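The shown structure was predicted, so the numbers you read here are calculated from the model rather than taken from an experiment. We're numbering straight along the sequence, starting at 1.
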Amino acid sequence: MKRFFSLFCMGLIYSGVFAQNPYIVKTKGAKKAEIKVETNVKAEEKTEEPQDFVGANFKHIKLCDWKEGMRFMVMPEKYDLVVGAFRDAKTNKDVSCGLLKYKIMVYKGHSEAKDGTALVNFVCENDNKSYYYPIPNGTFADYCYNKLGVPTLAYLGDVDKAKELLLGKTLYTRADVYYVDTDYDSEGMKEVKVAENKEVKVVAIGVGTRSFPVKIIVEDKDGNQFFQNVAMSKTNSGMRDDEFIMTKAKNTFYGSFELADAKIQATESYAKYIGKHVYTKYATKMENMMGENVNIPRLSQFTIKKIEAIDNTNYVKMSLQSSKDGYQYVKHVTFKNESVIGDIDGNKEDYYKYLFAEGTVGKGVSAKNMELIRKGRLAKGFTKNEVKLALGEPQRRATVGGNTVWYYSNGNVVKFNSKGRVI
């Protein structure tokens, strides 16, 4: 009981750190005045070719690959306040995480104690003392490849890079739940519901938690502020990748935010398709306005109304208006053709140019012929265009005895006379 009381007292002491620490940021409405965030942070060098925003700027660094000088902040959770993580390098005694909370630890490599215990070494920026984390079992090489890392430490490299790249930027919300701070001198917060696709501006960036080190505070056009703690590189997060996918998607950048620049770029890239008249060359499924998957017959006519890029993929969300009933449908398609085993003819069935033909289906075709075409049947006198509508492109073309012959992979053979009509 005495230890818990001392920890509580320590909490009263280190709460004053808020006022001097630029990494601790709060939404407006917390009890004390909001801190201005310093923005003159030196950028880290990029170590890989750009992919997407996160992949290009926030590289995951395994403990094995940590470099001396990497900076972390001690952000213990309730359990860590009771079970110490660090020891004083001079005395070899445990140091309360409460005493080290919000202090900055600079990585100084690893070593081995006399008894063979592997040590991960740090110097504290705040008191200039040396500390170490004793690896519970095995050697440093055995330990460093897993996702455990060093408890309590939130990686500040991600926070600094996020400040450099995101402060003042316009984003769009992707999640429906965010948070607001309830008290400046504590970590109290409450959930707030936010509409998806709301335009917001990044007003502050600070440290969040060990698992989700980057706290991004945004403000909407009505002056409402809210935040999300997100993992950027996942360096030292202590979580498996599948945990982010299964239960913590909103705690990734793309799970909560979309860059305005990416939205504008995607809109411009696909602008030429908006308003195009297209029809389906094959039967497919689309999502109706009720969110249900429905069967769409081949040769169904649509007008493309809207295209939205889907983050971190080659796919887009395409909204199409049916010429038959006027309703809107949604189809996820890709403009990048990638062959997949099992797909028809080795093409992706959701590849735009494979699934859709541009133009008006059946223009100049009689109603009688269109009825046959929709069933994939032919009749004498069909034009080459009508045959394409009914059967698609031939696998091979040839001239035999003065007649044009089309061969199909299913064994169909179609002969045309000199006027281009089926005989």
Side-chain angles (χ1 to χ4, degrees), residues 1-24 61-160 185-187 206-213 235-239:
M1 188 72 184
K2 183 177 179 182
R3 183 181 181 188
F4 279 100
F5 179 76
S6 64
L7 286 173
F8 174 76
C9 294
M10 290 172 192
L12 295 179
I13 295 171
Y14 62 65
S15 66
V17 174
F18 279 98
Q20 292 82 33
N21 196 328
Y23 285 103
I24 306 300
I61 307 174
K62 294 180 180 178
L63 175 57
C64 300
D65 300 322
W66 284 12
K67 305 295 183 185
E68 291 196 26
M70 288 176 64
R71 300 166 71 245
F72 301 83
M73 181 173 285
V74 181
M75 297 296 292
E77 298 179 355
K78 291 180 180 178
Y79 176 80
D80 298 317
L81 289 172
V82 178
V83 180
F86 295 96
R87 291 180 183 173
D88 188 304
K90 284 188 176 181
T91 65
N92 294 316
K93 292 183 178 179
D94 288 339
V95 180
S96 164
C97 289
L99 284 175
L100 295 176
K101 189 173 185 179
Y102 303 134
K103 286 184 167 57
I104 295 174
M105 293 291 193
V106 182
Y107 178 62
K108 290 295 180 181
H110 62 92
S111 61
E112 189 174 293
K114 291 181 180 179
D115 63 0
T117 302
L119 311 178
V120 186
N121 302 310
F122 300 89
V123 168
C124 177
E125 277 190 4
N126 304 82
D127 59 18
N128 205 33
K129 290 183 179 180
S130 295
Y131 299 88
Y132 64 83
Y133 169 68
I135 290 176
N137 297 296
T139 66
F140 179 82
D142 293 333
Y143 183 84
C144 71
Y145 279 104
N146 59 39
K147 292 282 185 179
L148 296 175
V150 178
T152 80
L153 295 185
Y155 180 45
L156 294 182
D158 283 354
V159 181
D160 294 340
D185 287 320
S186 75
E187 293 166 2
V207 72
T209 66
R210 177 202 173 182
S211 297
F212 319 122
T235 296
N236 201 54
S237 73
M239 294 183 65

Once you round to the nearest 0.5 Å, how far does [atom1] of [X] lie from [atom2] of [Y]?
X	Y	atom1	atom2	result
Thr235	Lys62	OG1	NZ	11.5 Å
Asn21	Tyr102	CG	OH	9.0 Å
Phe86	Leu119	CZ	CG	12.5 Å
Ile61	Asp158	CD1	CG	7.5 Å
Met105	Ser130	CE	OG	9.5 Å

What's the shortest heavy-atom distance between [X] and [Y], and which atoms?
X	Y	value
Tyr133	Gly149	CE2-O, 4.2 Å
Arg210	Pro151	NH1-CA, 3.5 Å
Ala154	Val207	CB-CG2, 3.8 Å
Ile104	Tyr23	CD1-CE1, 4.0 Å
Leu153	Asn236	O-ND2, 2.9 Å
Pro134	Ala85	CD-O, 3.7 Å

Subject >> Full working for side chain to side chain contact (heavy atoms under 4.5 Å, CB included) between Thr209 and Met75 >> reply: CA-CA 6 Å; Thr209 66; Met75 297 296 292; 5.6 Å; no
Original post:
Which is it for Met73 and Ile24 under the side chain to side chain contact (heavy atoms under 4.5 Å, CB included) test, yes or no, and what are the steps along the way?
Top reply: CA-CA 10 Å; Met73 181 173 285; Ile24 306 300; 4.2 Å; yes
**OP:** Please work out which of the three classes, parallel, tilted or perpendicular, describes the rings of Phe72 and Phe122, given edges at 30° and 60°.
**Re:** perpendicular
**OP:** Using side chain to side chain donor-acceptor pair (under 3.5 Å) as the criterion, list what pairs up with Asn92, not counting sequence neighbours.
**Re:** Tyr132
Original post:
Considering only heavy atoms from C-beta outward, does the side chain of Ser237 approach that of Tyr155 to under 4.5 Å?
Top reply: no
**OP:** May I have the step-by-step check of side chain to side chain contact (heavy atoms under 4.5 Å, CB included) for Trp66 and His110, ending in yes or no?
**Re:** CA-CA 10 Å; Trp66 284 12; His110 62 92; over 6 Å; no
**OP:** With sequence neighbours left out, write down each residue that passes side-chain contact (heavy atoms from CB on, under 4.5 Å) with Asp115, or none if nothing qualifies.
**Re:** Ala113, Thr117
**OP:** Ignoring hydrogens and angles, state whether a donor on the side chain of Asn121 or Ser111 is under 3.5 Å from an acceptor on the partner side chain.
**Re:** yes
Subject >> side chain to side chain contact (heavy atoms under 4.5 Å, CB included) evaluation trace for Lys103 with Tyr131 >> reply: CA-CA 12 Å; Lys103 286 184 167 57; Tyr131 299 88; 5.8 Å; no
